[in-house]
Amino acid sequence: MAQTRTAPPNEDKLLEGARSGDENAFAGLVDPYRSELHAHCYRMLGSVHDAEDALQEVLLRAWRALERFEGRSSLRSWLYTIATNTCLNLIAKRPKRVLPVDYSAPTDPNAGPGEPVVEQVWIEPYPDEMIGLEEGYAAPDARYEMRESVELAFVAALQHLPANQRAVLILREVLGFSAKETADALDTSTASVNSALQRARASVEERTPEQSQQETLRTLGDDQLREVVERYLQAWEQNDIDTVVAILSEDVCFAMPPAASWFHGREALKIFLAGWPMSGDWRWRGIPVRANGQPALAFYAWDEDEQAYLPFALNVLTFRGEEITDVVAFINRTTEPTEPEAYHRWVEQPIDPSSLLNTFERFGVPARLEG
């Protein structure tokens, strides 16, 4: 069964109050599920902004439909049914979210950062700790851990699935819904659910690493992980390209949305770093954070006019053993310049407020670091 949490002891009383129009009772009824519903919408949509829009719509629909809730399923299952179908409606209207590695071929490192894609096509980083996403499994029948199910590679793989397969896999494998519960939620047959699940599993397994980041990080251990991340950060702050590259895997990928460009392999990345971010033209500081259940670094660049370090990018790190295999640097600078050369010195462009919200403010890091 999908429901593993114990319902609040006063759920019946809250339900009765909410049905009579008590908004506080409704808030007490749905608040215990808010963070997990937010994560569910993020998995479906690949965007925190879109997930927040979806969650507001879900709560509004639930409020309006509360009279029709008959209690044949748990409240949690009912809310997930509303959330899933709300997201399916949004998916039909909005472009698919991806990462740069799925958008274009690797970039020539001598060409520089490249121009951004201004359309909203990029997956956004997820502040799982700030949202309060729990660890462990959502249900005994779940196949993926809650934190594993928001890892960047997993969320990116989900976005490649047809919408119905995406919904089936999340309901069955992440939330532990039975085939019948899933079929009821999607108004389809159990045979269709099982068929969609089989296809979705094959596609996701093809696009994700054999070992999840949660497994990798547990094997590495907190102390060793902290040591590698601190060494990597210190090397950036000292413009020590050799040390940065040494920590990366031979097949590393480095992407910088909203730029479509990305670089593949140590040698290519070394050329790019030496020519641009670690050329010595800019000074960096960083703060270790968490995003998508993974280690991340909030990077700040020195601003001479402000005499402070200002936010530049949230770098989400993916590990294989002690090596970093993927870096996705979510940049928060404006995409307004039309001249390609402006992005060669993107650090010096103004901060984009909406990108700043997605990359720094949601993660609870400072708006600036003093020199």
Identify, with sequence neighbours excluded, every residue that meets ring-ring contact (aromatic ring centres under 6.0 Å, His included) alongside [X].
{"X": "Phe363", "value": "none"}
{"X": "Tyr300", "value": "Phe360"}
{"X": "Trp276", "value": "Phe272, His344"}
{"X": "Trp63", "value": "Phe26"}

Are Phe312 and Trp284 near enough that their ring centres are under 6.0 Å apart? yes
State yes or no: are the ring centers of Phe254 and Phe263 separated by less than 6.0 Å? no
Check this for me, if you would: do Glu16 and Arg19 make a salt bridge, where the nitrogen-to-carboxylate-oxygen distance has to be below 4.0 angstrom? no
Is Arg362 paired with Glu52 through a side-chain N to carboxylate O contact shorter than 4.0 Å? yes
Could you list the residues that satisfy side-chain hydrogen bond (donor to acceptor under 3.5 Å, both in side chains) with [X], not counting sequence neighbours?
{"X": "Arg61", "result": "Glu57, Thr86"}
{"X": "Asp303", "result": "none"}
{"X": "Ser249", "result": "Asp251"}
{"X": "Asp184", "result": "Lys180"}

Test: ring-ring contact (aromatic ring centres under 6.0 Å, His included). Region: residues 183-218. Which pairs qualify, not counting sequence neighbours? none
Enumerate the residue pairs fulfilling ring-ring contact (aromatic ring centres under 6.0 Å, His included) with a member in residues 89-115, sequence neighbours excluded, ordered by first and then second residue. Tyr103-Trp122
Of all heavy-atom pairs between Leu369 and Arg285, which one has the smallest distance, and what is that distance? CD1-CB, 3.9 Å
Applying salt bridge (Lys or Arg N to Asp or Glu O under 4.0 Å) as the test, list every pair that has at least one member in residues 117-133; sequence neighbours left out. Arg97-Glu124, Asp128-Arg147
Assess, by modelled atom type and distance only, whether the side chains of [X] and [Y] contain a donor and an acceptor separated by less than 3.5 Å.
{"X": "Tyr80", "Y": "Asn85", "value": "no"}
{"X": "Glu151", "Y": "Gln294", "value": "no"}
{"X": "Thr84", "Y": "His40", "value": "yes"}

Identify all side-chain donor-acceptor contacts of residues 166-173 below 3.5 Å with residues at least two apart in sequence or on another chain.
residue	atom	partner	partner atom	Å
Arg166	NE	Leu158	O	3.0
Arg166	NH1	Met44	O	2.5
Arg166	NH1	Gln159	OE1	3.1
Arg166	NH2	Gln159	O	3.3
Arg166	NH2	Leu161	O	3.2
Arg172	NH1	Phe177	O	2.8
Glu173	OE1	Arg201	NH2	3.3
Glu173	OE2	Arg143	NH1	3.1
Glu173	OE2	Arg201	NE	2.6
Glu173	OE2	Arg201	NH2	3.4

Within the side chain of Glu237, is there an N or O that forms a donor-acceptor pair under 3.5 Å with the backbone of Gly286? yes
